[in-house]
Amino acid sequence: MAEQDLLQDLGWRGMIQQMTAEEDFKVHLAKGMQVVYCGFDPTADSLHIGSLVPLLALKRFQQYGHKPIALVGGSTGLIGDPSFKANERQLNSEQVVGQWVKSLKTQVSQFIDFDCGENSAIVANNLDWTKNVDVLSFLRDVGKHFSINQMIQKESVKQRIDRDGEGISFTEFTYMILQSYDFAELNKRFNCTVQIGGSDQWGNITGGIDLTRRMNRQQVFGMTLPLVIKSDGTKFGKTESGTIWLDPKKTSQYAFYQFWINTADADVYKFLRYFTFLSEQEIVAIEEADKQAQGRPSAQGILAKEVTKLVHGEEGLEAAMRITQAMFQGTLADLGEGDLEQLAQDGLPASELPADFAEKPLTSLLAESGMAKVGREVKDALGRNAVWVNGEAKSSEDNMSSGEIFSRDKALYDKFFLVKLGKKKNHLFTRR
RNA sequence: GGUGGGGUUCCCGAGUGGUCAAAGGGAUCAGACUGUAAAUCUGACGGUUCGCCUUCGAAGGUUCAAAUCCUUCCCCCACCA
């Protein structure tokens, strides 16, 4: 692929928010392989889909022949990025952050190629070069290059400084300096000349560019990616049941797939551009076809497939689709014993019936399993015949007859009960 | 430090002794319509095994009865110093 195409590719996808020295940057990328980095701070034991955009951007750079560095913020994670955050953050212990760094390293590594010759990816940890820096040299060698006057002008910390009742600690204020130092250090170590990040990182990125120029006398570049906005104004990546994580232990492949399949029509073509590697022509063709066709658009299905495959691989996708098939298209009769066992493994919410299930009303039983937040929701659903156990609709009168409903002879293969609440919630109960 | 205004259920916000589990809106959940959409309409919305149990910043008090009155304390906001 021609070097020129990278920015064009990112451009039509709508993935360029801002960049520094546009013309110079273009020329720079066209010169040949460049080293590009993006940082990921450990704020939890897994990344969530919000990190997918920069992660995939690194992959795109690699596709076009550049060398990606995924930087895991072992040290910056200890400090906390104040950018556009309304409140001071709670510090996490070194041990916890250390653990998170490990998880993130493995996670990030799935997305980029470490074995493709010259532009193989690198994973780095900024703790490696910050843990042994002593305060005095840091203040003299690095701190001297920063002007407080400039730092407090940055939009990202302004609200914390201006706003009454909120402040910013010296610790968080220093975050920008640490991240800037990373860029300078990566520049020195790996000749890294490009940093990318979310649009909230603009302040930190330009800080790094300035520092690298001052410390290393090198011109480096920065680019930010747009924040993912949903058409209805709600926050991307969060559902009522929580954050969508990349770790299948935290968000099953099935739940992950379902998240994408439920994408609003107004967002789905944009998301295809952001989150898949489909070409412009392909995406336009999908959009056109959906416009012509009646009924359900095909885009959500394609998006869900592509992204699930990207994050969870071919097997994860198959697992997710297996459950989706069974829950939304198939009939229970089609499922064999092995299939039911498999569903639980594939990520269908499942649990064992408690020993005293017969004494409990359905309301508490289903609420405790996590199907509903409170018993009231189950009751409401029962009142509308929206609860099915093994395909049989239950009503309010059945609330107190758990013993009968989950009796051995009603079970599939002597132990399974597939409970459906409403259209979208399924749970597999097993009985010993 | 002074003066004034506030803290109400997930969020915003009404409520100034019983008719208050507390108006209205948002969010959420379920139903209808659909496409596992959107919009719209309907219902639910502190918990409950429907007997009750627990809420209105906190703790005490007055009263048959308190979100509402009194006392102390904590927190927030505005203006002044």
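Bear in mind the structure is a predicted one, so any value in this text is a computation, not a measurement. By convention in this document, chain letters (A, B, ...) are assigned in the order of the sequence lines, proteins followed by strands, and residues within each chain are numbered from 1.
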Q: Kindly write out the residues that satisfy salt bridge (charged side-chain N to carboxylate O under 4.0 Å, His left out) with Glu341(A), not counting sequence neighbours, or none if the list is empty.
A: Lys415(A)
(Q) Holding to ring pair (Phe, Tyr, Trp, His ring centres under 6.0 Å), I want the full list of residues that pass it with Phe146(A), two or more places apart in sequence or in another chain. (A) none
Return a table of donor-acceptor pairs under 3.5 angstrom between the side chains of residues 49-56 of chain A and protein atoms on other chains or two or more places apart.
none

Q) Which atom names give the shortest non-hydrogen contact between Asp346(A) and Ser252(A), and what distance separates them? A) O-CB, 4.5 Å
Q: Could you check how far CZ of Arg296(A) sits from P of A38(B), rounded to whole Å?
A: 11 Å
Q | Between U62(B) and U49(B) - C1' atom distance, rounded Å | A | 38 Å
Q: Kindly compute the distance separating CG (Leu428(A)) from CG (Leu412(A)), expressed to the nearest 0.5 Å.
A: 8.5 Å
Q: Pick the P atom in G25(B) and in C45(B), then give their distance to the nearest Å.
A: 14 Å
Q: Could you work out the separation of U72(B) and C77(B) based on their C1' atoms and round it to a whole Å?
A: 22 Å
Q | Separation of atom CD in Gln300(A) from atom C1' in A38(B), rounded to whole Å | A | 11 Å
**Q.** Whole angstrom value for the distance that separates P of C29(B) from CG of Leu382(A)
**A.** 18 Å
Q: Considering only atom P, compute the distance from A22(B) to A32(B) and round it to an integer number of Å.
A: 29 Å
Q) Any donor and acceptor pair, going by atom type alone, linking the side chain of Ser402(A) with main-chain N or O of Ala358(A) inside 3.5 Å? A) no
Q.
Check the phosphate of A30(B) against Lys373(A), side-chain N and O only, distance under 4.0 Å to OP1 or OP2. Yes or no?
A. no
(Q) Under the rule for side chain to side chain contact (heavy atoms under 4.5 Å, CB included), what residues qualify as partners of Tyr413(A), not counting sequence neighbours? (A) Glu337(A), Leu340(A), Phe416(A)
Q: Would you mind calling G57(B) syn or anti? Take O4'-C1'-N9-C4 for purines or O4'-C1'-N1-C2 for pyrimidines, and syn is within 90° of 0.
A: anti
Q.
Rounding to an integer number of angstrom, what distance separates A58(B) and C10(B) when you compare their P atoms?
A. 13 Å
Q: Mind checking ring pair (Phe, Tyr, Trp, His ring centres under 6.0 Å) for Phe429(A) and listing every partner two or more places apart, or none if nothing turns up?
A: Phe406(A), His427(A)
Q.
Going by salt bridge (charged side-chain N to carboxylate O under 4.0 Å, His left out), name the pairs with one or both residues in residues 416-432 of chain A, residues two or more places apart or in two chains.
A. Glu352(A)-Arg432(A)
Q. Quick one: Asn385(A) CG to A30(B) C1', roughly how many Å, whole number?
A. 12 Å
Q: Send over the distance from Lys425(A) NZ to G31(B) C1', rounded to a whole Å.
A: 13 Å
Q: Specify the residue among Phe328(A) and Ala381(A) whose closest nucleotide of RNA chain B lies further upstream toward the 5′ end.
A: Ala381(A)
Q) What integer number of Å spans the P atoms of C74(B) and A81(B)? A) 26 Å
Q: For atom NZ of Lys102(A), decide whether the heavy atoms of other residues, nucleotides or ligands shown that lie under 6.0 angstrom number more than 12.
A: no
Q) Going by the salt bridge (charged side-chain N to carboxylate O under 4.0 Å, His left out) test, which pairs reach into residues 66-79 of chain A, not counting sequence neighbours? A) none
(Q) Glu314(A): which residues meet the salt bridge (charged side-chain N to carboxylate O under 4.0 Å, His left out) condition with it, sequence neighbours left out? (A) none
Q. Roughly how far apart, to the nearest Å, are U19(B) and G4(B) at atom C1'?
A. 35 Å
Q) For Trp388(A) and A30(B), what is the distance between atoms CH2 and P respectively, to the nearest whole Å? A) 10 Å
**Q.** For atom NZ of Lys424(A) and atom C1' of U34(B), their distance in whole Å
**A.** 12 Å
Q.
Applying ring pair (Phe, Tyr, Trp, His ring centres under 6.0 Å), can you list everything that pairs with Phe275(A), at least two apart in sequence or on another chain?
A. Phe236(A), Trp260(A), Phe271(A)
Q. Near RNA chain B, under 4.0 Å by heavy atom, which residues of residues 247-262 of chain A?
A. Gln258(A), Ile261(A), Asn262(A)
Q. Looking at the side chain of Lys423(A), which of U34(B), A37(B), U36(B) is the nearest nucleotide?
A. U34(B)
Q | C12(B) versus A21(B) - spacing of their P atoms, nearest Å | A | 24 Å
Q | Stem segments of RNA chain B by first residue number [Watson-Crick or G-U, under 3.5 Å, at least 3] | A | B:1-7 with B:74-80, B:10-12 with B:24-26, B:28-32 with B:40-44, B:57-61 with B:69-73
Q. Where along nucleotides 44-51 of chain B does protein come under 4.0 Å, by heavy atom, of base (B) or sugar-phosphate alone (S), with - for untouched nucleotides?
A. S--SSSB-
